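To start, the structure under review is shown below, and the notes come after it.
Owing to the predicted nature of the structure, the values given are computational and were not obtained by experimental measurement. For the numbers below, each heavy atom of this structure counts, side chains included, while hydrogens, waters and symmetry mates do not.
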Amino acid sequence: MKRTAIVLVSASLLAGGCDLLTDPSPDEARLVIQGEAGKPVRVIISTVFVAQVDENQRTRVVIIEADTMVTTLPYETVYAIDEDQRFFAEAARLDDDLETVHMQVFIDRRMEFDEGGVLLESHPYRFVYTFNQPV
């Protein structure tokens, strides 16, 4: 009887695509920035950084390596993060007449960041993600 129960449980776990056997570490981050077409934004991307939460619960990030670019809206790119398993993205305003921006970040297929509205000059949208790393 016990043997039959073990076989049935094992079969149901394997047939159901058991999550215990899958690797939960992320493979990619997809950054999507939407807004008025043709308007420029500054984008900073990094997978090599250190993040820490201070005593006021603010996340501080020290970027070691980054790609900084000026691009036009809309912007969408997929970044491989399987090696570093971390991702930093920042979208900042360049033009005074840039009204609203909508930024989304997907880690693999999960939406992890979804913000939109007026992008103020001194307040860029920032996203910090680390997998199984203390912050």
| query | Heavy-atom distance under 4.5 Å between the side chains of R42 and M69, does that happen here? | reply | no
| message | Counting C-beta onward and ignoring hydrogens, is there a side-chain heavy-atom pair between V61 and V50 closer than 4.5 Å? | response | no
| When you look at T130 and F49, which way does the side chain to side chain contact (heavy atoms under 4.5 Å, CB included) test go after all the steps? | CA-CA 10 Å; T130 60; F49 62 88; 4.0 Å; yes
Identify whether [X] and [Y] are in the same connected component of the hydrophobic contact network (ILVMFWY, side-chain heavy atoms under 4.5 Å).
| X | Y | value |
| --- | --- | --- |
| L31 | F127 | yes |
| V128 | I44 | yes |
| M111 | I45 | no |
| L73 | V105 | yes |
| F113 | F131 | yes |

| task | Can you tell me which residue pairs pass the ring pair (Phe, Tyr, Trp, His ring centres under 6.0 Å) test with a partner in residues 64-94, sequence neighbours excluded? | result | Y79-F87
| task | To the nearest 0.5 angstrom, please state how far the CD atom of Q34 sits from the NE2 atom of H102. | result | 7.0 Å
| message | What's the separation between atom CD in E90 and atom CD1 in I33, rounded to the nearest 0.5 Å? | response | 10.0 Å
| message | Whether the side chain of S46 engages the backbone of E65 through a donor-acceptor N/O pair (distance < 3.5 Å, no angle test) should be reported. | response | yes
| Would a distance-only check, ignoring hydrogens and angles, find a side-chain to backbone donor-acceptor pair under 3.5 Å from D108 to D27? | yes
| Heavy-atom neighbours of E76 CD exceed 12 at 6.0 Å | yes
| If you count the non-hydrogen atoms of other residues, nucleotides and ligands that lie under 6.0 Å from CZ in R110, is the total more than 12? | yes
Taking all non-hydrogen atoms of both residues into account, name the closest pair between [X] and [Y] and its distance.
| X | Y | value |
| --- | --- | --- |
| F106 | R109 | CD2-O, 4.0 Å |
| A29 | I107 | CB-CD1, 3.8 Å |
| R58 | N56 | NH2-ND2, 2.7 Å |

